[in-house]
Amino acid sequence: MSQKIAQVIVDVPTMQTDKPFSYLIPEELADLIQIGMRVHVPFGRGNRLMQGFVVGFGDAKSQATAGQNLKSIAEVLDFDPVLNAEQLMLADAMRETVFSYKISLLKAMLPNLLNSSYDKILTTEDAVIAQQYFGETQALHFSSLDEKEQALMMKFHREGKISVQYVAQSKATIKTKKRLTLADDIKLDELSMTARAKKRLALQSFLQEQHHAGENAWDYTTLVKLFSRDVVKFFVSEGVLSLSEIEVSRAQAYFDTIVSDEHKVLNAEQETAYQAIIDSQEKPFLLEGVTGSGKTEVYLQVIAHAIEQGKTAIMLVPEISLTPLMTNRFIARFGEHVAIMHSGLSDGEKYDEWRKIKSGKAKVVVGARSAIFAPLDNIGAIIIDEEHETSYKQDSNPRYHARDVAIWRAKYHGAALVLGSATPSLETRARAQQNVYQILRLTQRASAQAEIPEVTILDMRKHLNDKSASFSESLLDKISEKIAKREQVVLMLNRRGYSSFIMCRDCGFVPECPNCDISLTLHMDTKTLNCHYCGYTTGIPHTCPNCQSKKIRYYGSGTQKVEEELSELIPDARILRMDVDTTKKKGAHERILSSFGAGEADILLGTQMIAKGLDFPNVTLVGVINADTALNLPDFRASERTFQLLTQVAGRAGRADKKGEVLIQTFNPDHYAIRLAQAHDYEGFYQLEMAFRRKLNYPPYFYTVQLVMSHQDEDEVVKKSYEIMSLLKANLSDQARILGPIPKPIARTHNLYHYQLLIKYRFEDNLAQALNQVLDLTQVSDNKNLRIVIDNEPQNFM
DNA sequence: AGCACGCCGACT
DNA sequence: GTCGGCGTGCTC
């Protein structure tokens, strides 16, 4: 008789184990086991228990397993599959483009709590050891021991003095609360108590009163607090009340305070966009709308339409935009059909939101990147707001881009996909040009009075201020003027590119790489300027190559320093600082914003995070302290990022009836990214930047793949990097360009040296195969300590 | 990853 | 001679 076997992907992320393993299904589990469930299986020589996912079935007669001694599944962890057929197919599809192990992809789709934790339980027959190390207890948990004890126990184990039992435990728990229901109201009235039992009598009359008012169930903890545990227990033991546990969701508090909200009337442009989106799901839409043009209202109505059709929807927003202000709009419109996936939630809360989605209770999922995996059925709409944000690409394994997953899922479900932005990524905008996406435009601000703010560029070379390195006189005067009028100011400090480049203070010249048109990065350790793309290296000049001035400065400045400077220059200004340091604590972000909104400060000083979606009617001045820093990063997207950021922050000024002003301080007043942001000219920027990308063979004209090699020994990693480059060259066509190998901007971390290669290509049939060969290299014993990361379409080069 | 097997140096 | 160091290879 042939027994059924299961194909299991085990929780060991390595190349050699990246395939299904076959396990016998014990008789008693045969009926309940399904594809997509989690199991515990014995793995390896030690038969240690390991979590795995069932991805298929087969039978023991098949060729692959014939004559093998198969092990059996130890335990099934789920009553229902945690992964559905769509997710398993999606994982297969993602493996083609995301160079990651299948187990990592599957785990990325589930809340953390569904990953088992592993431990070993030690027991002993040896009386001496028992007395000395075990004390009162029968068994020890290996993980609770310190390193020395662990080593000692392993020694005892080798000597056969203690036995080891492997355990794997699912961490998922369902939060419950105790509830009391009235079991017998006649008994309640007849309950006999002496007059001395005051508390019992009090509870009796309380219950009678409530019962007459129509109440039949009470929260256990509340009653215990009101009376006492013993009194409540007495009623339970008498059979008057019965105790039960009901499930509660950990993340429901936010529904209490929200006032519900109705559709707003769409203007003509919004209406056209909305109709186009609900009419056809043939291709994705790019919704290009200026700040304040009412993209969100279009999203809300598209989602409402999907729900009316009995479908569901996913709304992705960047992590930093996922504020209560933002999510409340969705809750106000869709009530408790909304699930919020937020990094601020605890693992338990995330698990509860996931279960709410899985059970079908949630129809709309609002969340950051990973919410794209939400296990919704029958999706009618997927929306990605601020589509250009790089945070949609995960920068650790598995390195997937939420936009790509969205495209796949929208196709699978026949759902409408909307990519929205005021400043679309060049990749997306170019696809719209190619008619892969359909472009929809919103050109007017939704509220008629809100005018587009006037943007002034301050040339810092002419506005050098003796009193301050960060502020020009013009900006300081403007700030004082606004404060005097009791209006508010937002100041943005661009912290990207901290201290990593040099610039001439007289002419604004920044040295660039002769091969790559990218600014050189300052390396203080080697006293050189390096190009992070092609590896070009030169010394630090003592005089400016452009104007021969000696005023060469190293650049970089922190918010804290700027805040100190500002409070010295304008002593009576009340300043709120918002950056990574002041927003570390949970809720700090909201606290700062609501305090500023309440007028408790005159100036909000912050980093990039203040550029996103704030809407304060009293803000009439936005100042950008250093527009340049991001421009000088060794990244071909530097101009694009700068343009996007400036456009976004400029949108923060003058959101209501007061006209807004924007002041941008820069040493590169003629740079096109700054000029075109000033003119609010996205299309102009797109055309110009595309020309550069074409000339230099960068995306969207070329695709990119980055390889990062890491090793403890620098000579070794250089040697291996060149070997890998030759391997790639041999396998790819002449059209592919390979840049590098060069050291990463941060060349050594965790005691490892990192080198990178960048492949630019248009059509390479052999690319995947060549990259797999590179991965195979890590399996050769000679390369034991070499780590290789393959990043398809990298977004960041730091 | 993590465990067993196995082949070499420093101790009884 | 043997204990235990960690390099090598495998896990249904």
Side-chain angles (χ1 to χ4, degrees), chain A residues 2-27 29-30 33 35 37-76 100-108 112 115-122 141-143 145 147-169 396-398 710-713 716 750 752 775-789:
Chain A
S2 85
Q3 199 179 351
K4 247 178 109 187
I5 64 168
Q7 306 292 332
V8 178
I9 300 278
V10 294
D11 187 10
V12 183
T14 63
M15 192 100 260
Q16 306 97 303
T17 53
D18 190 31
K19 58 178 181 192
F21 284 79
S22 300
Y23 282 89
L24 295 173
I25 301 170
E27 206 77 16
L29 298 178
I33 195 164
I35 289 176
M37 283 181 175
R38 297 172 303 146
V39 289
H40 282 157
V41 292
F43 194 70
R45 285 184 228 243
N47 277 335
R48 60 193 213 280
L49 282 183
M50 187 119 302
Q51 183 181 307
F53 294 98
V54 178
V55 294
F57 294 119
D59 66 83
K61 280 186 299 191
S62 77
Q63 273 198 333
T65 55
Q68 274 189 299
N69 266 342
L70 299 185
K71 294 177 183 175
S72 290
I73 287 173
E75 187 183 3
V76 176
S100 183
Y101 306 116
K102 190 145 178 190
I103 186 68
S104 313
L105 291 169
L106 295 177
K107 282 169 87 170
N112 232 338
N115 297 323
S116 296
S117 58
Y118 305 112
D119 205 353
K120 283 171 276 206
I121 289 177
L122 312 175
H141 284 263
F142 190 75
S143 62
L145 303 173
E147 245 174 72
K148 263 191 178 165
E149 292 168 326
Q150 289 187 349
L152 191 64
M153 290 299 152
M154 278 160 83
K155 183 174 171 274
F156 289 149
H157 179 229
R158 275 195 302 274
E159 291 163 356
K161 288 180 186 160
I162 60 174
S163 48
V164 173
Q165 194 195 346
Y166 293 93
V167 286
Q169 191 137 40
S396 61
N397 268 320
S710 308
H711 197 282
Q712 285 179 353
D713 180 353
E716 191 66 17
H750 314 291
L752 290 173
L775 276 184
D776 286 343
L777 277 180
T778 53
Q779 301 313 309
V780 180
S781 58
D782 194 29
N783 299 326
K784 204 69 217 208
N785 298 311
L786 180 68
R787 211 185 66 197
I788 303 178
V789 170

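In what follows, chains are A, B, ... by sequence order, proteins preceding strands, each numbered from 1. These values consider heavy atoms only, across backbone and side chains, with no hydrogens, waters or symmetry-generated copies.
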Provide, to the nearest angstrom, the distance between the CD atom belonging to Q16(A) and the P atom belonging to dA1(B).
10 Å

Quickly work out the K102(A) NZ to dC12(C) P distance and round it to whole Å.
19 Å

Whole-Å distance separating the CG atom of N69(A) from the P atom of dT11(C):
12 Å

Can you check the F53(A) CZ to dC12(C) C1' distance for me, whole Å?
18 Å

Round to a whole Å and report the spacing from NZ of K71(A) to P of dC3(B).
13 Å

Could you give me the CA-CA distance, side-chain angles and deciding distance for V39(A) and V8(A), then say whether side chain to side chain contact (heavy atoms under 4.5 Å, CB included) is met?
CA-CA 8 Å; V39(A) 289; V8(A) 178; 4.0 Å; yes

Run the side-chain contact (heavy atoms from CB on, under 4.5 Å) test against K71(A) and tell me which residues pass, sequence neighbours left out.
Y23(A), P42(A), N47(A)

Would you say F57(A) and I25(A) make side-chain contact, with heavy atoms under 4.5 Å?
yes

Test side chain to side chain contact (heavy atoms under 4.5 Å, CB included) applied to F53(A) and R38(A), step by step
CA-CA 5 Å; F53(A) 294 98; R38(A) 297 172 303 146; 3.5 Å; yes

Do the non-hydrogen side-chain atoms of T17(A) and F43(A) ever get within less than 4.5 Å of each other?
yes

Spacing of N397(A) atom CG relative to dA1(B) atom P, expressed in whole Å:
12 Å

Going by number, which of residues 42-52 of chain A have a non-hydrogen atom under 4.0 Å from DNA chain C?
P42(A), F43(A), G44(A), R45(A)

In this structure, how many angstroms lie between the C1' atom of dA1(B) and the OH atom of Y101(A), rounded?
11 Å

Starting from C1' on dT11(C), measure out to CD1 on I103(A) and report it in whole angstrom.
15 Å

Does the side chain of D11(A) come within less than 4.5 Å of N115(A)'s, by heavy atoms?
no

